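Can you read through this structure? Questions will come right after.
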Amino acid sequence: MIKVNDKLPQGELQQLVDGSVTSHSTSDLFNGKKVVIFALPGAFTPTCSAAHLPGFVVNADTIKAKGVDSIICLSVNDAFVMGAWGQAQNADEVMMLADGDGSFTKAMGLGKDTGSFGGYRSVRYAMIVEDGVVTSLQVEQPKEFKVSSAESVLALL
């Protein structure tokens, strides 16, 4: 599993932009920037929709005021699902990125097999990345939501 002071692996993440899927390299997303990235098991799932994403939507301006260039919500879903979920949650200040095949999540060692629930998914976590290097990593225990909330990240910034 990736840890503090590790450089993020190279990868491609997708975003729905004006109805089309756009790919972003991790170097473009993270190099030379301070980024908060949080990941969750799935779009439209209960804790993710009721608490995790909404916390970052509500606190986006406060987080960015701490010198954060962008806030990324990542899930092993497709870009269309992430786009629809972001729209439903009014997540205009959060980049809703898809790791469709889970390759970036696997490279970080932050995934799990959920079996019939949905196959390979991300564990729930939040991290702060500065110039492509992890400076803080908060990984939740299974079925918990304590350390990866927007409020927890704010306390670390």
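Keep in mind that what you see is a predicted model, and the values were worked out from it rather than measured.
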Is the shortest distance from a Lys or Arg side-chain nitrogen in Glu93 or Lys64 to a carboxylate oxygen in the other one below 4.0 Å?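 A salt bridge links Glu93 with Lys64.
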Of all heavy-atom pairs between Asn77 and Gly42, which one has the smallest distance, and what is that distance?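 Taking Asn77 first and Gly42 second, the nearest heavy atoms are OD1-CA, 3.6 Å.
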Which pair of non-hydrogen atoms, one from Pro41 and one from Arg124, has the smallest distance, and what is that distance?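 Between these two residues, the closest heavy atoms are CD-NH2, 3.7 Å.
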Are Val36 and Val94 connected, step by step, through hydrophobic side chains (Ile, Leu, Val, Met, Phe, Trp, Tyr) whose heavy atoms are closer than 4.5 Å?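 As far as the 4.5 Å side-chain criterion goes, Val94 and Val36 are connected within one cluster.
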Is it the case that the side chains of Trp85 and Ser75 hold a donor-acceptor pair, with the cut-off being a distance below 3.5 Å and no angle test?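 No, no side-chain donor-acceptor contact under 3.5 Å.
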Begin from the C-alpha positions of Val134 and Lys3 and carry the test side chain to side chain contact (heavy atoms under 4.5 Å, CB included) through to its verdict. CA-CA 7 Å; Val134 179; Lys3 55 191 178 307; over 6 Å; no
Nearest 0.5 Å please: distance from the OG1 atom of Thr45 over to the NE2 atom of His52.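 Thr45 OG1 to His52 NE2: 10.5 Å, rounded to 0.5 Å.
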Working to the nearest 0.5 Å, report the span between CG of Leu40 and OG of Ser49.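 Going from CG on Leu40 over to OG on Ser49, the span is 8.5 Å.
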Is the CD atom of Glu151 crowded by more than 12 outside heavy atoms at less than 6.0 Å?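 It does: Glu151 CD has more than 12 such atoms within range.
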Ile128 and its side-chain contact (heavy atoms from CB on, under 4.5 Å) partner, picked from Leu157, Val35, Leu137, Val133: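 Looking at Leu157, Val35, Leu137, Val133, the match for Ile128 under the side-chain contact (heavy atoms from CB on, under 4.5 Å) is Leu157.
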Tell me whether Asp78 contacts the main-chain N or O of Val81 through its side chain, where contact means a donor paired with an acceptor under 3.5 Å.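 At least one qualifying donor-acceptor pair exists.
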Without placing hydrogens or testing angles, list every side-chain donor-acceptor pair under 3.5 Å for residues 9-23, not counting sequence neighbours.
unit_1: Gln10; atom_1: OE1; unit_2: Ser27; atom_2: OG; d: 3.1
unit_1: Gln15; atom_1: OE1; unit_2: His24; atom_2: NE2; d: 2.8

For residues Phe80 and Met82: do they belong to one hydrophobic cluster (side chain heavy atoms under 4.5 Å, members Ile, Leu, Val, Met, Phe, Trp, Tyr)?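 Each belongs to a different hydrophobic cluster.
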Sidechain-backbone polar pair: Gln89 side chain, Leu53 backbone, donor-acceptor under 3.5 Å: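 Checking the backbone N and O of Leu53 against the side chain of Gln89, no donor-acceptor pair under 3.5 Å is found.
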Atom pair SG/CE of Cys73 and Met96 - distance to nearest 0.5 Å: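 Between Cys73 SG and Met96 CE, I get 4.0 Å after rounding to 0.5 Å.
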Determine, step by step, whether Ile37 and Val129 satisfy the side chain to side chain contact (heavy atoms under 4.5 Å, CB included) criterion, reporting the C-alpha distance in whole Å, the side-chain angles of both residues, the deciding distance to 0.1 Å, and the verdict. CA-CA 8 Å; Ile37 179 171; Val129 179; 4.1 Å; yes
Quick one: pull up CD in Glu140 and OG in Ser149 and give me the separation to the nearest 0.5 Å.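 Between atom CD of Glu140 and atom OG of Ser149 there are 7.5 Å.
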At their closest point, which heavy atom of Gly102 faces which heavy atom of Tyr120, and how far apart are they?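 Minimum heavy-atom separation between Gly102 and Tyr120: O-CE2, 3.8 Å.
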Rounded to the nearest 0.5 Å, how far apart are CG of Leu156 and CE of Met127?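 That separation rounds to 13.0 Å.
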Which atom names give the shortest non-hydrogen contact between Ala126 and Val153, and what distance separates them?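 Between these two residues, the closest heavy atoms are CB-CG2, 3.6 Å.
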Hydrophobic cluster membership, with links at side-chain heavy-atom distances under 4.5 Å among I/L/V/M/F/W/Y: are Phe30 and Ile63 in one?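 No.
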For Ser152 and Val147, work out which heavy atoms get closest and say how close.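 Nearest pair, atom of Ser152 first, then Val147: CB-O, 3.4 Å.
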Heavy atoms of other groups near Lys7 NZ, more than 12 under 6.0 Å: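 For Lys7, atom NZ is crowded (more than 12 foreign heavy atoms under 6.0 Å).
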Could you tell me whether the side chain of Thr26 reaches within less than 4.5 Å of the side chain of Leu8, counting heavy atoms only?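 Contact flag for Leu8/Thr26 side chains = no.
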Roughly how far, to the nearest 0.5 Å, is the CD1 atom of Ile72 from the CG atom of Leu29?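 Going from the CG atom of Leu29 to the CD1 atom of Ile72 covers 4.5 Å.
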Okay, side chain of Asp131, backbone of Gly32: is any donor-acceptor separation there less than 3.5 Å?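 Yes, because the side chain of Asp131 sits within donor-acceptor range (under 3.5 Å) of the backbone of Gly32.
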Short side-chain to backbone donor-acceptor contact, Asp6 and Ile2, under 3.5 Å: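 Pair absent, no side-chain N/O of Asp6 close to backbone of Ile2.
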Partners of Ser25 by side-chain hydrogen bond (donor to acceptor under 3.5 Å, both in side chains), sequence neighbours excluded?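 With neighbours one apart ignored, the set is Asp28.
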Can any side-chain N or O of Asp69 pair as donor or acceptor with the backbone N or O of Lys34 at less than 3.5 Å?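 Here the side-chain-to-backbone pair exists.
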Kindly state whether the ring of Phe38 and the ring of Tyr125 have centres lying under 6.0 angstrom apart.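 Phe38 vs Tyr125: aromatic centres not under 6.0 Å.
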Do the non-hydrogen side-chain atoms of Val139 and Val123 ever get within less than 4.5 Å of each other?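 Yes, at least one pair of side-chain atoms sits under 4.5 Å.
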Under 4.5 Å between side-chain heavy atoms, hopping through other hydrophobics if needed: is there a path connecting Met95 to Val57?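 Different clusters.
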Met108, Leu97: one ILVMFWY side-chain cluster at the under-4.5 Å cut-off?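 Same cluster.
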